[in-house]
Amino acid sequence: MPRVLCVAEKNSIAKAVAGILSGGRSSRRDSPSKYIKNYDFTFDFPFAGTSSVTMTSVAGHLTGLDLDQAHGWGKCPIPQVFDAPIVDIRTKDQQKMAENIKRECRNADYIMIWTDCDREGEYIGWEIVQTAIQASRSLQGNVFRAIFSHLEGGHILHAARNPARLDQRAVDAVRTRMEVDLRSGVAFTRFLTELLGSKVERDLGQRNNQRPIISYGTCQFPTLGFVVDRFERIRKFVPEKFWYLVVAIPNGTDTTVFQWERGHLFDRFAVAVIYELCLETSRNLANVSDIKSKPTTKYRPLPLTTVELQKNCSRFFKMSAKTSLDAAEKLYQKGYISYPRTETDSFPSNMDLQSLVEQQVSDNRWGSYAQSLLTGSTSNRFKWPRAGKHDDKAHPPIHPIVSSGTGLDNENEKKVYEYVTRHFLASCSEDSKGHSTTMTLQWGNEYFTANGIVVLERNFLDVYVWMKWETTKQLPNLNLGQEVELSSYLMKEGQTSPPNQMTESELILLMDANGIGTDATIAEHIEKIQQRNYIKKKKVNKQIYLIPTTLGISLVHGFEAIGLEDSFAKPFLRRQMEVDLKLICEGNKDRAEVVNDFITKYQEYYGLTSTKQNKLIEIYTDIKSVM
DNA sequence: GCAAGGTC
């Protein structure tokens with residue numbers, strides 16, 4: 001019987017796919033790596049007929065990239081880093097995984113790659129193939145690739161029966177990013193550390209007498225840039241005075257305030273003239289010029305992505321992105337929730353979501369809500385979730401798998417589980433419905449509005465307890481055209497206020513929107529620039545803000561002074577990289593061309609930076625003296 | 001001692 005080796009990106013996929021292809025009749029063996037199991041069964045592949053199959057996996061990348069030995073730190077002039085030879089290396093864990101692949105493919109006739117169907121997965125697939133060929137050259141022409149985007153049985157069977165090939169363009173794109181990130185990161189990290197490390201060490205007065213690393217990374221710097229940018233906008237903020245009109249009418253024992261349709265104006269004289277005109281024309285009398293009444297909706301949340309989970313755990317629980325992702329990872333390993341790193345915000349149409357809701361019926365916090373979704377008498381019955389526009393082609397939205405019951409004792413895991421579950425139930429609910437009334441008053445020739453909301457059906461809000469939507473005070477009962485006596489009519493003064501300091505939730509949003517990092521790495525970059533002492537957390541009242549340090553501010557302004565602001569502290573260069581990687585994937589540029597473009601750019605930046613290195617030192621010294 | 005990206 002022909003032998004086929006299948007390799008997935010992680011054990012959870014290998015296990016699930018083996019279960020489906022074997023019809024639940026696979027047998028499991030251990031491997032040299034504790035993260036990895038091998039599953040044996042038979043399956044009828046179109047390219048081989050009925051075959052003896054081993055399904056295994058790696059755990060992420062199987063190799064890493066580094067400069068060769070001769071170009072280690074201190075062993076060569078830094079600019080050589082831009083064209084030094086690059087070698088593939090393996091950590092201890094990766095060696096064990098590779099050993100398993102080599103051992104399992106020795107007798108194999110075919111290899112089929114089952115890594116995630118995204119760019120990075122394609123590269124990992126390539127790493128697996130390279131490793132396999134080292135052990136068995138005859139496999140070379142017998143490599144297939146399964147195309148799948150979720151783990152539903154029919155879909156996986158279809159993928160097994162319709163093998164494709166690895167996409168070399170995607171492999172090239174990833175290799176390009178790796179090489180550019182490595183060379184630029186290593187070169188500028190060594191340069192900045194040599195230039196500023198000892199100085200910063202003296203200023204920090206560190207206990208361990210270790211020269212700190214002043215690193216550059218293609219994601220670290222734009223992330224720092226966002227934080228410094230906000231800090232500077234606040235520091236440079238000059239409040240501006242403005243003036244506005246506001247009127248109120250009696251409403252029972254209280255009053256209702258109407259806001260000026262013009263908002264506010266920065267010209268005091270103009271507002272005063274308008275005010276006088278209104279007084280002359282209408283004294284204290286106004287007319288109800290418009291009443292608009294319409295149904296209004298508060299939408300249930302979209303299916304949950306990693307970025308959304310991190311933003312909301314930061315907002316709702318003041319948890320750092322790293323903490324919430326770590327907790328989610330643990331919950332995934334324990335089998336409570338689905339894979340936690342996903343960009344997908346719509347569920348595959350054939351998923352059985354109702355039975356996932358059913359799992360939650362036993363919980364004493366939201367069980368009765370789950371029950372009412374399935375069988376309740378209200379109009380808030382199970383409703384298929386909204387579909388967002390993102391699909392990473394690898395993982396479904398994050399959702400609970402089984403009820404945690406009382407099985408969790410870690411506080412962070414408890415909170416994240418509760419968030420994932422309430423979010424899931426909310427996404428399977430009806431939108432919240434209300435009624436909104438807007439009343440407009442005309443006073444003189446000016447218009448003023450007041451708004452009232454009545455919440456009619458709370459629906460998903462009953463389970464999504466962190467979101468507020470309340471019925472407001474009711475508007476006075478008046479008819480269109482009716483004349484009313486104003487209880488107050490005032491000209492007021494106000495002033496513009498600076499933006500708030502950056503929260504972690506906002507930083508995640510900015511990184512995501514600008515393509516800095518991925519769902520799996522955004523949290524790490526934020527951690528990293530704290531470790532590097534570029535930013536720090538500061539607690540004000542109950543809010544936690546991210547504030548740049550002297551060093552962080554100096555680096556951004558230093559590169560600004562050199563003329564490299566846009567390339568270093570802004571997201572543009574990273575975005576350009578993404579654009580070029582797409583072009584490689586589409587076959588419109590090749591790897592050598594893009595690597596060469598970027599490395600040439602970085603060599604120029606390096607030349608400029610070393611010529612003007614005194615600027616970096618001066619600016620650091622200046623900023624330190626005023627902070 | 002350096003990057004970013006996977007995953008545990």
Side-chain angles (χ1 to χ4, degrees), chain A residues 8-14 31 33-37 57-67 71-76 78 81-82 84 86 89-94 96-97 115-116 118-128 170-171 173-195 197-198 201 208 210-223 306 325-326 328-334 339-342 392 394-395 511 515-529 531-532 574 577-578 581 598 602:
Chain A
E9 188 164 321
K10 44 192 162 273
N11 177 57
S12 62
I13 303 272
S31 84
S33 163
K34 62 180 169 181
Y35 309 119
I36 288 157
K37 306 288 177 207
S57 74
V58 288
H61 282 281
L62 192 51
T63 52
L65 228 55
D66 206 352
L67 301 173
H71 294 83
W73 195 317
K75 291 184 186 167
C76 71
I78 296 174
V81 164
F82 291 116
I86 281 177
I89 48 160
R90 294 196 216 271
T91 63
K92 284 231 162 58
D93 281 340
Q94 288 173 331
K96 286 180 188 164
M97 292 183 227
T115 49
D116 296 352
D118 51 25
R119 229 162 49 191
E120 217 65 35
E122 215 63 18
Y123 187 87
I124 293 171
W126 180 83
E127 292 175 333
I128 294 164
V171 174
V174 172
R175 184 78 182 190
T176 302
R177 176 196 54 72
M178 290 173 121
E179 188 174 337
V180 173
D181 285 346
L182 174 68
R183 293 190 192 279
S184 62
V186 169
F188 279 93
T189 299
R190 288 180 190 174
F191 177 82
L192 290 172
T193 305
E194 305 290 339
L195 184 71
S198 305
E201 181 191 355
N208 52 6
Q210 259 203 340
R211 188 169 67 163
I213 294 166
I214 321 267
S215 63
Y216 166 79
T218 52
C219 288
Q220 291 178 31
F221 261 52
T223 305
T306 308
L325 189 56
D326 286 351
E329 173 71 32
K330 282 271 161 44
L331 291 167
Y332 157 68
Q333 283 168 27
K334 293 176 183 173
Y339 190 70
R341 288 178 283 273
T342 176
D392 63 16
H395 305 283
M511 293 175 73
I516 304 301
T518 68
D519 47 19
T521 62
I522 281 177
E524 289 174 27
H525 297 312
I526 299 175
E527 284 288 308
K528 178 74 85 182
I529 62 172
Q531 264 176 38
R532 293 285 188 248
R574 186 79 204 177
M577 165 74 77
E578 272 308 311
L581 296 186
F598 274 91
Y602 272 107

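Chain letters run A, B, ... following the sequence lines, proteins first and then strands; every chain starts at 1. All of these numbers come straight from a predicted model, not from anything done at the bench.
Ring to ring, A/Phe82 and A/Tyr602 are not that close: their centroids are 6.0 angstrom or more apart.
When heavy atoms are screened at a 4.0 angstrom cut-off, A/Arg177 is found touching base atoms of the nucleic acid. Note on A/Gly60: a base of the nucleic acid sits closer than 4.0 angstrom, heavy atoms only. Within the nucleic acid shown, A/Tyr332 comes within 4.0 Å of sugar-phosphate atoms alone, with no base atom in reach, counting heavy atoms only. Nucleic acid contact for A/Arg119: none, since no nucleic acid atom lies under 4.0 Å from a heavy atom of the residue. If you check every strand for non-hydrogen atoms under 4.0 Å, A/Arg175 touches nothing. Among the atoms of the strands shown, none is found under 4.0 Å from any heavy atom of A/Met577. Across all strands, A/Leu65 comes closer than 4.0 Å to base atoms (heavy-atom distances). Contact annotation for A/Gly517: backbone-only contact, meaning every heavy-atom pair under 4.0 Å involves sugar-phosphate atoms and none involves a base. Across all strands, A/Thr193 comes closer than 4.0 Å to base atoms (heavy-atom distances). Here A/Tyr339 lies in heavy-atom contact (under 4.0 Å) with sugar-phosphate atoms only. Nucleic acid contact class of A/Tyr216 (heavy atoms, under 4.0 Å, all strands): sugar-phosphate only. At a threshold of 4.0 angstrom between heavy atoms, the contacts of A/Glu9 are confined to the sugar-phosphate backbone, with no base atom among them. Within 4.0 Å of A/Glu127, counting heavy atoms only, lies no atom of the nucleic acid at all. Among the atoms of the strands shown, base atoms are found under 4.0 Å from some heavy atom of A/Asp66.
The stretch residues 173-187 of chain A participates, sequence neighbours left out, in these salt bridge (charged side-chain N to carboxylate O under 4.0 Å, His left out) pairs: A/Asp88-A/Arg175, A/Glu120-A/Arg177, A/Arg177-A/Asp181, A/Glu179-A/Arg183, A/Asp181-A/Arg574.
With the nearest nucleotide of DNA chain B identified for both A/Glu194 and A/Thr521, A/Glu194 has the one nearer the 5' end. Of the residues near DNA chain B, A/Ala187 and A/Arg341, the one whose nearest nucleotide (by heavy atom distance) lies more toward the 5' end is A/Ala187.
Classification of A/Glu527 and A/Arg532 as a salt-bridged pair fails, no side-chain N sitting under 4.0 Å from a carboxylate O.
Take A/Phe191 and apply the ring pair (Phe, Tyr, Trp, His ring centres under 6.0 Å) test, not counting sequence neighbours, and it matches A/Tyr606. With sequence neighbours excluded, no residue forms a ring pair (Phe, Tyr, Trp, His ring centres under 6.0 Å) with A/Tyr35. Residues that satisfy the side chain to side chain donor-acceptor pair (under 3.5 Å) test with A/Lys37, not counting sequence neighbours, are A/Asp30. A/Lys34 meets the side chain to side chain donor-acceptor pair (under 3.5 Å) test with no other residue; sequence neighbours excluded.
Where DNA chain B meets chain A (any atom under 4.0 Å from a heavy atom), the bounding nucleotides read 5' to 3' are B/dG1 to B/dC8.
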